[in-house]
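Everything below concerns the one structure shown next.
Each chain gets a letter, A, B and so on, in the order the sequences are listed, and its residues count up from 1. None of these values were measured; they are calculated from a predicted model.
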2 protein chains.
Amino acid sequence: MSEQDVTEVFEKCLGCRYMVALLQKIHDGVRRPGQLERAVDGMTAKVLSERLKRLVEHGVVEKTSYPEIPPRVEYTLTSFGQRLLEIIDEVDELHRRARIKP
Amino acid sequence: MSEQDVTEVFEKCLGCRYMVALLQKIHDGVRRPGQLERAVDGMTAKVLSERLKRLVEHGVVEKTSYPEIPPRVEYTLTSFGQRLLEIIDEVDELHRRARIKP
DNA sequence: CGGAATCCAAGAAGATACTG
DNA sequence: CAGTATCTTCTTGGATTCCG
């Protein structure tokens, strides 16, 4: 893992394209890169692996490699990642309310 | 205000450079553009006004103009913005813990 | 002072090809 | 299947200038 302050988390792990959708899919149980690529609309394999790598570096997701042929890899949320997802939902809720009853 | 889903909030109001620092300064009571420009290290006036405009559009901050000479303007957090700040602090806390005791 | 417009440099993302 | 590397394109941010 890495880093100093929250800013990093928002800028690198939440604020870039596809990230929220990607995290939601992982949270929903989609664990393998191939599936994630198909699950997140518009995201290419290249961008996906950049995102996953970054999420691992920041301690948001965890990677497990199975030494098989063909290779199999799975990504799951860490406990920090899970809390992050709860917070995303919370912001979603707040934002929704703010739009309706401002 | 505007927008569809949370993704927008993270991408446009939290995930870009200076945003978290800017919001924290506003939360700390720095309300005028000139002061904010000086308070947030490295941020230029141009970027500042882009950010403020965006925050207003997304209902995170509120703008008040006083018709004086010279003109005076103030920005404050909306209730949604205040909740957002609390959430930023929460993520800060979580992230800090995750680094120490993973 | 606050803010918009312009121009330019730096970074993010799309498309493809290639390795283990 | 997963992941890296390269190349091109688009978006973001930095520096400067002008207007109300």
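Helix bend of the helix from C:dC1-D:dG20 to C:dG20-D:dC1: the angle between its two end axes, each built from five pairs, comes to 40° after rounding to 10°.
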Give me, pair by pair, the N or O atoms of the protein and of nucleotides 8-11 of chain C that are less than 3.5 Å apart, along with how far apart they are.
none

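As a whole-Å value, the separation of A:L22 CG from C:dA13 C1' is 15 Å. Note: NZ (B:K53) to C1' (C:dA4) measures 8 Å, nearest angstrom.
Applying the side chain to side chain donor-acceptor pair (under 3.5 Å) rule to A:R83 yields the partners A:E86, B:E90; only residues at least two apart in sequence or on another chain are considered. For B:Q82, there are no side chain to side chain donor-acceptor pair (under 3.5 Å) partners two or more places apart in sequence or in a different chain. Listed by chain and residue number, A:Y66 satisfy the side-chain contact (heavy atoms from CB on, under 4.5 Å) test with A:T64 (two or more places apart in sequence, or in another chain). In terms of the side chain to side chain donor-acceptor pair (under 3.5 Å) criterion, B:R54 has no residue partners (sequence neighbours excluded).
Inter-residue side-chain proximity for B:V9 and B:V60 is flagged as unmet; no heavy-atom pair is nearer than 4.5 Å.
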Distance-only criterion, 3.5 Å: show the donor-acceptor pairs between side-chain atoms of residues 32-44 of chain B and protein atoms not counting sequence neighbours.
residue, atom, partner, partner atom, Å
B:R38, NE, B:G34, O, 3.4
B:R38, NH2, B:G34, O, 3.3
B:T44, OG1, B:V47, N, 3.4

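Under the salt bridge (charged side-chain N to carboxylate O under 4.0 Å, His left out) criterion, no residue pair touches residues 9-27 of chain B, with sequence neighbours excluded. Within the structure, the side-chain hydrogen bond (donor to acceptor under 3.5 Å, both in side chains) test picks out the following pairs touching residues 67-79 of chain A (sequence neighbours left out): A:E68-A:R72, A:R72-A:E74.
Residues from residues 25-35 of chain B that place a heavy atom under 4.0 Å from any atom of DNA chain D: there are none. Taking a 4.0 Å limit (strictly below) on heavy-atom distances, residues 60-77 of chain B reaches DNA chain D at B:P71.
Mapping heavy-atom proximity under 4.0 Å, the span of DNA chain D touched by chain B runs 5' to 3' from D:dT12 to D:dG20.
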